[in-house]
Asks: 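I have a structure here, written as structure tokens, and I will follow up with some questions on it.
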Number of protein chains: 2
Amino acid sequence: MGFERYESAGFMINLSARVFERRMAEALAPLGLSPAYLPVIFTLSATGPATQAELARSAEIEQPTMALTLRRMERDEIIYRVPDETDGRRAIVHLTSRAEELVPQVESIADDINSRAFDGLPAGSSAQLIDLLTRAAANLTQRPVE
Amino acid sequence: MGFERYESAGFMINLSARVFERRMAEALAPLGLSPAYLPVIFTLSATGPATQAELARSAEIEQPTMALTLRRMERDEIIYRVPDETDGRRAIVHLTSRAEELVPQVESIADDINSRAFDGLPAGSSAQLIDLLTRAAANLTQRPVE
DNA sequence: CCTAGATACATAGTATGCTATTCTATTTGT
DNA sequence: ACAAATAGAATAGCATACTATGTATCTAGG
């Protein structure tokens, strides 16, 4: 049973990404938040209001994806947008005060899940995993020379 | 720049899963295949025809997700279904002969991407990554006791 | 035999992500 | 000043995943 699947990095990365995201979704649901909101909340909380393009870069997702995420976050009253006076193309995204109050809880939830993942694993496992993933992702980020 | 994001396992797992999937999608597109087809193709190729429920278990995705994936695979003529004579509820999923012919190329594409991810990394990095992810996923697979 | 429960699959609704395209606003080069 | 290029954001269309629910069909207990 289970062939060579568990020997494929691609399969295990996909599987663990889904497991992480599901646990995060469950833990965030009582706060009315979703996992995709996290990078936006952390970025805005750490560095203040930002444009959509800046948020997309910092979360490393494409701009249209961020557009949809921000629409949901606006619907859920996590963020609001202020049109930029000097540049009519952009709007500056702000955290609502309600969202700002949630930040400590959100950080604690994210930390809990991240650390629970490494229960019973040797110290440094998390850093090691992050290092391996960072390098693997970097190797695959450049498209192959054709 | 880049705060504590790159120090979060959850963020890096999500990011690398997306990078892996995008590269896989690009490489499979010329064959008319998508990444989500891989676990189905490999399972059917390795162990022969199977039911939808068996395929969902082997890919570790939920049944409704597998139902949609199989619908797309049927549309793309990668699989076909044969109603089970003895049990009117099920259908047995088979690879088309066209799909069977593609299996070697698909394996080579998947292997290429998996190994390209570890270019320049120490030998054993892939196995180590898989081990860490397997244990992290196992830790998060049981919901927390409430 | 016939109903209660279990099993296999389908459907609905939503979230998250992508590419391709479009729209508008700003900037740049002549 | 104005046409062309660039930049910010929105939209369309699709893939992949989830939960919740519905619909058959099958199996067991009475």
Side-chain angles (χ1 to χ4, degrees), chain A residues 10-11 13-26 28-29 32-40 50-57 59-76 78-79 81-93 141 143, chain B residues 10-11 13-29 32-40 50-57 59-76 78-79 81-93 143:
Chain A
F11 179 83
I13 288 176
N14 177 273
L15 175 57
S16 40
R18 288 185 287 116
V19 171
F20 255 88
E21 183 163 6
R22 267 203 273 182
R23 288 300 161 266
M24 212 58 94
E26 286 167 11
L28 292 173
L33 303 177
S34 293
Y37 298 0
L38 291 184
V40 179
T51 65
Q52 182 181 112
E54 286 164 356
L55 291 171
R57 267 193 297 279
E60 298 201 40
I61 60 175
E62 299 301 319
Q63 170 268 320
T65 300
M66 182 55 75
L68 291 180
T69 297
L70 291 179
R71 186 185 297 173
R72 287 191 295 269
M73 293 182 78
E74 203 165 31
R75 176 200 65 192
D76 296 345
I78 307 302
I79 56 134
R81 297 184 234 215
V82 179
D84 188 331
E85 293 295 323
T86 67
D87 188 336
R89 292 168 302 182
R90 26 187 188 175
I92 310 298
V93 178
T141 294
R143 268 106 169 293
Chain B
F11 179 82
I13 288 176
N14 176 274
L15 175 57
S16 40
R18 289 185 286 117
V19 171
F20 255 88
E21 183 164 5
R22 267 202 273 181
R23 289 299 161 265
M24 212 59 95
E26 286 167 11
L28 291 173
L33 303 176
S34 293
Y37 298 1
L38 291 183
V40 179
T51 66
Q52 181 182 112
E54 286 164 355
L55 291 170
R57 267 192 298 278
E60 298 201 40
I61 60 174
E62 298 301 319
Q63 170 267 320
T65 301
M66 182 55 75
L68 291 180
T69 297
L70 291 179
R71 186 186 297 173
R72 287 192 295 269
M73 293 181 78
E74 202 165 32
R75 176 200 64 192
D76 297 344
I78 307 302
I79 56 134
R81 298 184 234 215
V82 178
D84 189 330
E85 292 296 322
T86 66
D87 187 337
R89 292 168 304 180
R90 19 185 191 178
I92 310 298
V93 179
R143 269 110 168 287

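Only a predicted model underlies this, so the values are computations on that prediction, with no experimental measurement involved. Only this structure's heavy atoms are used, side chains among them; waters, hydrogens and symmetry mates stay out. Below, chains carry the letters A, B, ... as their sequence lines are ordered, and counting in each starts from 1.
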Asks: Kindly compute the distance separating CE (Met24(B)) from CG (Leu33(B)), expressed to the nearest 0.5 Å.
Replies: 11.5 Å
Asks: Can you check the Glu54(B) CD to dC9(C) C1' distance for me, whole Å?
Replies: 13 Å
Asks: Return yes if the base of dT24(C) and the side-chain atoms of Arg89(A) contain a donor-acceptor N/O pair under 3.5 Å, otherwise no.
Replies: no
Asks: Could a donor-acceptor pair under 3.5 angstrom be found where the side chain of Gln63(B) meets the base of dA10(C)?
Replies: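 Answer is yes: a donor-acceptor pair is held.
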Asks: Ignoring backbone atoms, establish whether Arg71(A) has a side-chain N or O less than 4.0 Å from OP1 or OP2 of dT16(C).
Replies: no
Asks: To the nearest Å, how far apart are Leu15(A) CG and dA17(D) P?
Replies: 11 Å
Asks: Taking 4.0 Å as the cut-off, does a side-chain nitrogen or oxygen of Arg72(B) come that near to OP1 or OP2 on dT16(D)?
Replies: yes
Asks: CD of Glu21(B) versus C1' of dT19(C): gap in Å, rounded?
Replies: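 So the two atoms are 14 Å apart, to the nearest Å.
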Asks: For Phe20(B) and dT16(D), what is the distance between atoms CZ and P respectively, to the nearest whole Å?
Replies: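 Spelled out: CZ on Phe20(B) to P on dT16(D) is 17 Å.
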Asks: Do the non-hydrogen side-chain atoms of Arg71(A) and Leu68(A) ever get within less than 4.5 Å of each other?
Replies: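 Yes, at least one pair of side-chain atoms sits under 4.5 Å.
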Asks: Consider the side chain of Ala36(A), meaning its heavy atoms from C-beta on, and name the nucleotide among dT19(C), dA17(D), dT16(C) that approaches it most closely.
Replies: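 It is dT16(C).
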Asks: Between Arg18(A) and Asp76(B), just flag the one whose closest nucleotide in DNA chain D comes earlier from the 5' side.
Replies: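 Going by which nucleotide is closer to the 5' end, it is Asp76(B).
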Asks: Does this structure show an ion pair linking Glu21(B) with Arg18(B), if we count only N-O contacts that are shorter than 4.0 Å?
Replies: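 Salt bridge: no.
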Asks: When you measure from the side chain of Arg23(B) to the backbone N and O of Thr141(A), does any donor-acceptor pair fall under 3.5 Å?
Replies: yes
Asks: Looking at Arg90(A), I'd like to know whether one of its side-chain N or O atoms comes within less than 4.0 Å of OP1 or OP2 on dA9(D).
Replies: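 The answer is no; no side-chain N or O of Arg90(A) sits under 4.0 Å from OP1 or OP2.
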Asks: Could you give the distance from CD (Glu62(B)) to CZ (Arg57(B)), rounded to the nearest 0.5 Å?
Replies: 11.5 Å
Asks: If you assign each of Ile92(A) and Tyr37(B) to its closest nucleotide in DNA chain D, which residue comes earlier from the 5' end?
Replies: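 In this pair, the answer is Ile92(A).
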Asks: Considering all heavy atoms of both residues, which atom of Thr51(B) and which atom of Arg90(B) are nearest to each other, and what is their separation?
Replies: CG2-NH1, 3.7 Å
Asks: Between Asp87(B) and Glu62(A), name the one whose nearest nucleotide on DNA chain C is closer to the 5' end.
Replies: Asp87(B)
Asks: Atom CD of Glu26(A) and atom P of dC18(D): how far apart are they, to the nearest Å?
Replies: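 So the two atoms are 12 Å apart, to the nearest Å.
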Asks: So what does Pro35(B) touch, heavy atoms closer than 4.0 Å: a base, only the sugar-phosphate, or nothing?
Replies: sugar-phosphate
Asks: Between atom CG in Leu28(A) and atom P in dT16(C), what is the gap in whole Å?
Replies: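 Atom CG in Leu28(A) sits about 10 Å away from atom P in dT16(C).
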Asks: From the set dA15(C), dA17(D), dC18(C), return the single nucleotide nearest to any side-chain atom of Arg75(A).
Replies: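 From the listed options, dA15(C) comes nearest.
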Asks: Report the distance from atom CG of Leu68(A) to atom P of dA15(C), rounded to the nearest whole Å.
Replies: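 Spelled out: CG on Leu68(A) to P on dA15(C) is 11 Å.
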Asks: Identify whether any heavy atom of Ala25(B) sits under 4.0 Å from a base atom; if not, whether one sits that close to sugar-phosphate; answer base, sugar-phosphate or nothing.
Replies: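 Since no nucleic acid heavy atom lies under 4.0 Å of Ala25(B), the category is nothing.
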Asks: When the distance from CD of Glu74(A) to P of dA9(D) is rounded to whole Å, what number comes out?
Replies: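 The answer, rounded to whole Å, is 13 Å.
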Asks: Ignoring backbone atoms, establish whether Thr65(A) has a side-chain N or O less than 4.0 Å from OP1 or OP2 of dC18(C).
Replies: yes
Asks: Answer yes or no: does a side-chain N or O of Thr69(A) lie under 4.0 Å from OP1 or OP2 of dA15(C)?
Replies: no
Asks: Closer than 4.0 Å, any side-chain N/O of Asn14(A) to the OP1 or OP2 of dT16(D)?
Replies: no
Asks: Report yes if a side-chain nitrogen or oxygen of Arg81(A) is closer than 4.0 Å to either non-bridging phosphate oxygen (OP1 or OP2) of dA10(D); otherwise report no.
Replies: yes
